[in-house]
Amino acid sequence: MRWEILKLLRVQSPNYLSGEEMAARFQVSRTAVWKNVQALQAAGYRIEGSTRLGYRLLGSPDFLYPVEIVPGPATQIIAVSPQMIHHYPRVDSTNNILKELAGKGAPEGTVVVAEEQTGGRGRLGRGWDSPAGKGILLSILFRPPLAPSQTPLFTLLAAGAVAGVIKAHLPALKPGIKWPNDLLLGQRKVCGILTEMKAESDLLHYLITGIGLNVNCQEKDFPPELQQSATSLYLQNNKIAVSRQKLAAGILQEIDRLYRVFLDGGTDQIINTWKKYNITLGNRVAVRTLQGVFAGRAADLDSDGALLVEDKNGKNHRFLAGEVSLHP
Ligand code: BT5
């Protein structure tokens, strides 16, 4: 009922809505309405109460509450209702929480989102710095009918989606994707993506794509070792704060759209969306893998999203994972 009350207050804002009217609408006592208003206030909403006039909404916090980031009727699989979004003030890692939910049978399209992570994870045991209330930290559960070998495409799908949403909200910015999962603004990293899966031989149980996007981080929010390499939308947007809620809703909606394109066999479209923001292909690169470092020219992506790197004899070498340095 709390969120229903919020909806009513929002429609009515900046005017008052009487407690009596809400009590009648929900068939509860005025005390019950008042308790729900208090809960909303505790959640950060600025609601003014007047014994004579009722309540009015004066301001909303930029927290990633499910009702605020649920993308709306256009979505069909991802976060189609607020109930499919699990919001936490603080977790170790949203990917970890979603793994637990997935193990208990959570449906495809379930989302875990947090204001802060204490153990945010990158690839290969690296960390993701996740200060409270500054970024978007979310994970999405997919249960696609796929072979595990095709899953790297999901990182590209998410990277293309986030780049597109940044461009739509802040047209002056020029997001670039460094294969496979780094989103850069200028030369600095603004977003990272971590795709993990549970699979047995050829059977994929589920796939989790975790997105960490630096939205309103200031320089001082980054630890010293990231000061030169990390950035945020705020820092790139002339230090004007950006709505995390609008971006998060946009990201969920765009990933839902691209995922459906993918399910309809539109792998090319996923790759082409990624290529719109490509800053990798065409450049000299060094790819670091567990086997060593390989240098060459990033020539293309194949239909699995693997990177094809051309050696000096014109022969392509295929990488499904790895760490790319541009212009080594
Ligand atoms: C990534 O790994 O870029 C994947 C990051 C995924 C984070 C999301 S947040 C929601 C979900 N839950 C999780 O626990 N994880 C996902 P990788 O390519 O390995 O890059 C990690 C490296 O990026 C670190 O070693 C740092 O150098 C750098 N880094 C860490 N935090 C950063 C930040 N906030 N902004 C920019 N760079 C950062």
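Each ligand, and each atom within it, is numbered from 1 in the order the structure gives.
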Test ring-ring contact (aromatic ring centres under 6.0 Å, His included) applied to Trp179 and Phe319, step by step: CA-CA 10 Å; Trp179 184 90; Phe319 295 90; 7.5 Å; no

Heavy atoms of other groups near Arg288 CZ, more than 12 under 6.0 Å: no

Minimum-distance protein heavy atom relative to atom 10 (C) of ligand 1: Thr94 OG1, 3.1 Å

Minimal non-hydrogen separation, Cys191 against Leu213, with atom names: CB-CD1, 3.7 Å

Atoms in ligand 1 flagged as close to Arg121, the criterion being non-hydrogen separation under 4.0 Å: 5 (C), 6 (C), 7 (C), 13 (C), 14 (O), 15 (N), 16 (C)

Protein contact of atom 35 (N) of ligand 1 - nearest heavy atom, named by residue and atom, plus distance: Asn214 ND2, 2.8 Å

Side chain to side chain donor-acceptor pair (under 3.5 Å) partner of His205, chosen from Arg143, Glu200, Lys198: Glu200

Within reach of ligand 1, part of Arg126 (heavy-atom separation under 4.0 Å): side chain

Which of the ligand 1 atoms, numbered from 1, are nearer than 4.0 Å to a heavy atom of Gly120: 14 (O)

Closest protein heavy atom (residue, atom, distance) for atom 26 (C) of ligand 1: Leu226 CD2, 3.7 Å

Residue among Ile136, Leu173, Asn214 satisfying side chain to side chain contact (heavy atoms under 4.5 Å, CB included) with Leu233: Leu173

Protein contact of atom 1 (C) of ligand 1 - nearest heavy atom, named by residue and atom, plus distance: Asn181 ND2, 3.5 Å

For atom 20 (O) of ligand 1, closest protein heavy-atom neighbour: Lys189 NZ, 3.0 Å

Atom 30 (C) of ligand 1: nearest protein contact (heavy atom, Å): Gly127 O, 3.3 Å

Distance-minimising heavy-atom pair for Tyr55 and Gly19: CE1-CA, 4.0 Å

Single-linkage hydrophobic cluster Leu157~Leu98, side-chain heavy atoms < 4.5 angstrom: no

Heavy atoms of other groups near Gln27 CD, more than 12 under 6.0 Å: no

Residue among Asn181, Thr231, Asp182 satisfying side chain to side chain donor-acceptor pair (under 3.5 Å) with Lys189: Asp182

Minimum non-hydrogen distance to atom 31 (N) of ligand 1, winning option of Asp129, Leu213, Leu124: Asp129

For atom 36 (C) of ligand 1, closest protein heavy-atom neighbour: Ala230 CB, 3.4 Å

Subset of ligand 1 atoms that lie under 4.0 Å from at least one heavy atom of Ser93: 12 (N), 13 (C), 14 (O)

Nearest protein heavy atom with distance in Å, relative to atom 9 (S) of ligand 1: Gln117 NE2, 3.4 Å

Check: Glu323 N/O within less than 3.5 Å of ligand 1 N/O: no

